[in-house]
Protein chains: 2
Amino acid sequence: MPDRTQRTVRDLRRGNRSALLRHLYFEGPLSRLELGRDTGLSAGSVSNVVGELIADGLVERAGVADSDGGRPRILLKVAAGYGHLVGVDVGETRVRVGLFDLDLTELAVTEHLLSDGGRDVDHVVRLVADGLRSVTADAGIEPATVLGVGVGVPGIVEQGWDSAVVHAQTIGWDAVPLGRLLRAGTRLPLYIENGAKTLGQAEMWFGAGRGARDAVIALIGSGVGACVVADGKPYRGATSSAGEWGHTTMRVGGRRCRCGARGCLEAYVGAASLLQRWRGAPAGMGEEAALAALSERAGHDQEAAALLDETAEYLGAGIADLVNLFNPERIVLGGWAGLLLGPRLLPAVRTAAAEYALRQPGRHASIELGQLGTDAVTVGAATLPLAHFLDSGGRAPSAAGNSAARTVRWA
Amino acid sequence: MPDRTQRTVRDLRRGNRSALLRHLYFEGPLSRLELGRDTGLSAGSVSNVVGELIADGLVERAGVADSDGGRPRILLKVAAGYGHLVGVDVGETRVRVGLFDLDLTELAVTEHLLSDGGRDVDHVVRLVADGLRSVTADAGIEPATVLGVGVGVPGIVEQGWDSAVVHAQTIGWDAVPLGRLLRAGTRLPLYIENGAKTLGQAEMWFGAGRGARDAVIALIGSGVGACVVADGKPYRGATSSAGEWGHTTMRVGGRRCRCGARGCLEAYVGAASLLQRWRGAPAGMGEEAALAALSERAGHDQEAAALLDETAEYLGAGIADLVNLFNPERIVLGGWAGLLLGPRLLPAVRTAAAEYALRQPGRHASIELGQLGTDAVTVGAATLPLAHFLDSGGRAPSAAGNSAARTVRWA
DNA sequence: ACAGTTTAAATCACGGCTTGAATTAAGGCG
DNA sequence: CGCCTTAATTCAAGCCGTGATTTAAACTGT
């Protein structure tokens, strides 16, 4: 089937509304003249489209630029109060629900700890629905102003034509029709996506990935994964499971990984694996605290230092794989373990990556530390409905008449 | 900068011309009614656009379907004789130039062997220009009917804004401004691309990849590389060097690769590496013949069999990396060594890939043998101008007034 | 041979959109 | 206040796709 993205003059207006909205959102405040120069639209078109966006309440004045003798420019911005967004982080240990305005300023947040690792699907679904009601009430907004709900989950999300189905091994979910289940609790548009991908999108929008077109967000936690962005768009693959970097082979026939294969990157650099192999691991300590202890001990303990040196080499080689295969301009190292170990390991990781990557792509790729912690899964999930809204030119889908989770679209 | 792909009603017509042309090209012959059904265009629009394409000579009648009592459907197809395409394969051992019609039927071909491994850039450029003249004369066509020249080269091609620059280590080329050099010999639009990528495109268009949207063409020769296709488009990366699969790490600190790094897949499964490690390698035999001998000897020689078993495991793990990272629906194993060893190794490769790949993406990916030999680099190169032509809706760029190689666009 | 029915394709009126040119708006300066 | 400069708006024109209508081309029955 041919690709049918634009075909009538109405699509033209929608495309140009989207282009102006996105440009204002990421680069604003801007004048109409700058919008025209940057987007290539004629002055008349900018005037027409901006006029419509202002009439719709999506765009507002943001001040006046000083004049050197001609007519002064009026600055414009996206109206932060036009609508609201909800972001949900469904994790192994908690369900976190946040309400944001269009600037992604957090207006309310609620969090529930899970005692069973998230295995009880119905319980999680109930917590999401309750959290949605709670943040809406806390912020004192009308539910009708919510443009959509983005949900990040710790597994693979298959985007079916009428529902999102989640496979999340770490919380024991197998083909859970989460879209349909959440639909029972709300009429708002739903956008369900892998949590690593929502965290990756957050880094791309306002973290270390900002401004890059081809990037990889490499996430190290207990497990290891990546979010690949190609030409500004997320790389999904045939069934949306692309980016399983943690299960690429670093040593054929090597250490057994919890996924079942041998020699996976995760079996060498995942926090769980590190702590398993560390003979000085303190007993009874949580994973994060234990890894912090390992990092601290590496300063004066040879075994801990050697373990982290080996980790840096494997990480560097794994990053070199990303460089050689994806040819990104930027690699962002994130995840709770990545942020914890990053400051100490990054120089050695860069050295190792330079050794294993081809010279030409390696020269073009910077390796940087992420800027956002794991709480950013929530705001990253809120970017899902926002991206959709911006892509549609600010014409949100109707909350009524929809019986399924929305197909997820990214920035 | 916002993505500005369509903005005026002229772009609408261009997009719809492109959609109809591509659909007719890949799926034709078809009636107007089928075109409308498949593309979603209204009957009136199909009538208008097809009428224009017929008037322009791009589309012609291809027969009439039988009628059951209503008006019979008229079948349409792209006019094979509308224009011509040239495909060039610049390799280590030869320069091959072919002239094709729009159906990619070969009308003439010429080939020159290289005695210096392609190191003399000026000599290669002269051979290309001479070959172009030669095939044009042999086929007895007007040069003005040639829509463009596609060139496949054995290295990384950086697509600059006004020229293609080639880095091809195997033929000793470092930052060769091939676009500018070839420009001196012809006014035709030039499209320069990595030969593995043109071969990959050929497999996608009329080989084992046909019909797939997310695929990887994995090429095994002396070296190892891949051509990644995402959502029907080639995955390029920031500087067009994506797909260097042969230099992903299979064993941290392992065998030294000719690229300088340790543990690369190429150091384990590339033909050059295999022959280097085979103690029974016959002296004075060419690479292809020697590999054929290895394959044949594996039937009754334990060492040869063990070497190929190890190769299958590394190949399977390398393919599993592609599955886990790119989530393709299809992996095509090609390249001269891949085609030679494929029939014998494919069962073991599939077994190994299933062991190393995650279950969910692994279940969705088929692993198949390529259908085209290395001569397909030439016809694959011819698909570059053709893809551009189809993408532009059949409005070819003017040959005059262009001082640089064209930015390459793929199917 | 003709009328009626069916299916395919062409034609037409209409509305929407962007563009470039012309006009209006809003400063600064003498 | 007039002139100049720069920003924004308005207007006429052309292009495009759509849905409704008309025309075209077959088949069947009388």
Side-chain angles (χ1 to χ4, degrees), chain A residues 2 4-21 24 29-56 59-76 392-395, chain B residues 2 4-21 24 29-56 59-77 393-395:
Chain A
R4 302 302 308 131
T5 54
Q6 298 215 355
R7 69 172 99 166
T8 74
V9 290
R10 287 177 194 275
D11 293 308
L12 286 181
R13 176 53 66 92
R14 184 186 59 74
N16 289 336
R17 279 174 66 114
S18 174
L20 291 185
L21 268 179
L24 268 180
L30 293 168
S31 69
R32 287 175 177 81
L33 198 68
E34 287 166 314
L35 283 172
R37 189 197 65 208
D38 294 343
T39 62
L41 287 177
S42 67
S45 290
V46 171
S47 205
N48 286 339
V49 179
V50 166
E52 189 177 282
L53 292 171
I54 289 175
D56 288 347
V59 171
E60 63 195 7
R61 282 176 67 120
V64 184
D66 286 341
S67 166
D68 291 342
R71 182 175 174 171
R73 304 169 176 203
I74 300 176
L75 297 179
L76 305 167
S392 69
R395 291 166 179 157
Chain B
R4 303 299 310 126
T5 55
Q6 298 213 356
R7 68 171 98 169
T8 73
V9 290
R10 286 179 195 274
D11 293 309
L12 285 180
R13 178 51 67 95
R14 183 185 59 74
N16 290 336
R17 279 173 68 113
S18 173
L20 292 185
L21 267 180
L24 270 178
L30 293 168
S31 69
R32 288 174 177 81
L33 198 67
E34 288 166 311
L35 283 172
R37 189 197 65 208
D38 294 342
T39 61
L41 286 176
S42 67
S45 290
V46 170
S47 206
N48 287 340
V49 179
V50 165
E52 189 177 281
L53 292 171
I54 289 175
D56 289 346
V59 170
E60 63 197 6
R61 283 176 65 119
V64 184
D66 286 339
S67 164
D68 292 340
R71 181 175 176 174
R73 305 168 175 203
I74 300 176
L75 295 179
L76 305 166
K77 63 186 272 295
R395 290 167 178 158

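In what follows, chains carry the letters A, B, and so on, assigned in the order in which the sequence lines appear, proteins first and then strands, with residues in each chain numbered from 1. Keep in mind that this is a model prediction, so the values were computed, not measured.
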Can I get a per-line list of side-chain donor-acceptor pairs under 3.5 Å for residues 67-74 of chain A, giving both atom names and the distance, sequence neighbours left out?
{"residue": "Ser67(A)", "atom": "OG", "partner": "Gly69(A)", "partner atom": "N", "Å": "3.0"}
{"residue": "Ser67(A)", "atom": "OG", "partner": "Gly70(A)", "partner atom": "N", "Å": "3.1"}
{"residue": "Ser67(A)", "atom": "OG", "partner": "Gly70(A)", "partner atom": "O", "Å": "2.3"}

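- Between the CZ atom of Arg61(B) and the P atom of dA8(C) there is a distance of 15 Å, given to the nearest Å.
- Between Arg14(A) atom CZ and dG16(C) atom P the separation is 17 Å, expressed in whole Å.
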Can you pull every protein N or O that's under 3.5 Å from an N or O on nucleotides 13-15 of chain D?
none

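- Taking atom CG of Leu76(A) as the reference point, atom P of dA7(D) lies 14 Å away to the nearest angstrom.
- Protein atom CG of Leu33(A) is 11 Å distant from nucleotide atom P of dT9(D), rounded to whole Å.
- At least one donor-acceptor pair closer than 3.5 Å links the side chain of Arg7(B) to the backbone N or O of Gly40(A).
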Worksheet item: Under the side chain to side chain contact (heavy atoms under 4.5 Å, CB included) criterion, do Asn48(A) and Arg13(A) qualify, and how do the steps go?
Response: CA-CA 10 Å; Asn48(A) 286 339; Arg13(A) 176 53 66 92; 3.8 Å; yes

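- Under the rule for a side chain to side chain contact (heavy atoms under 4.5 Å, CB included), the partners of Val50(B) that lie at least two apart in sequence or sit in another chain are Leu20(B), Arg32(B), Leu35(B), Val46(B), Ile54(B), Leu76(B).
- Between the side chain of Asp11(B) and the backbone N or O of Thr8(B), at least one donor-acceptor pair lies under 3.5 Å.
- The interatomic distance linking Glu52(A) (CD) with dT9(D) (P) rounds to 14 Å, in whole Å.
- Between the two ends of the helix from dA1(C)-dT30(D) to dG30(C)-dC1(D), each summarised by a five-pair axis, the helix axis turns through 30° (rounded to 10 degrees).
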Worksheet item: Stepwise, does the side chain to side chain contact (heavy atoms under 4.5 Å, CB included) test hold for Leu75(A) with Val64(A)?
Response: CA-CA 6 Å; Leu75(A) 297 179; Val64(A) 184; over 6 Å; no

Practice prompt. Decide yes or no on side chain to side chain contact (heavy atoms under 4.5 Å, CB included) for Lys77(B) and Val59(B), but give the supporting numbers first.
Written response: CA-CA 6 Å; Lys77(B) 63 186 272 295; Val59(B) 170; over 6 Å; no

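- Between Leu53(A) atom CG and Glu60(A) atom CD the span is 12.0 Å, to the nearest 0.5 Å.
- Regarding Asp66(B), its CG atom lies at a distance of 16 Å from the C1' atom of dT6(C), rounded to whole Å.
- Taking atom CD1 of Ile74(A) as the reference point, atom P of dT24(C) lies 19 Å away to the nearest angstrom.
- Atom CG of Leu33(A) sits about 11.5 Å away from atom OG of Ser47(A), to the nearest 0.5 Å.
- For Arg73(A), whose side chain is taken as the heavy atoms from C-beta onward, the closest listed nucleotide among dA9(C), dA8(D), dT9(D) is dA8(D).
- Every residue meeting the salt bridge (charged side-chain N to carboxylate O under 4.0 Å, His left out) condition with Arg17(A), not counting sequence neighbours, appears here in chain and number order: Glu52(A), Asp56(A).
- Counting heavy atoms from C-beta on, the side chains of Glu34(B) and Arg37(B) come closer than 4.5 Å.
- In this entry the distance linking CZ of Arg17(B) with C1' of dG17(D) reads 16 Å, nearest Å.
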Practice prompt. Starting at the 5' end of nucleotides 18-30 of chain D, put B wherever the base has a protein heavy atom under 4.0 Å, S where only the sugar-phosphate does, and a dash everywhere else.
Written response: B-----BBBS---

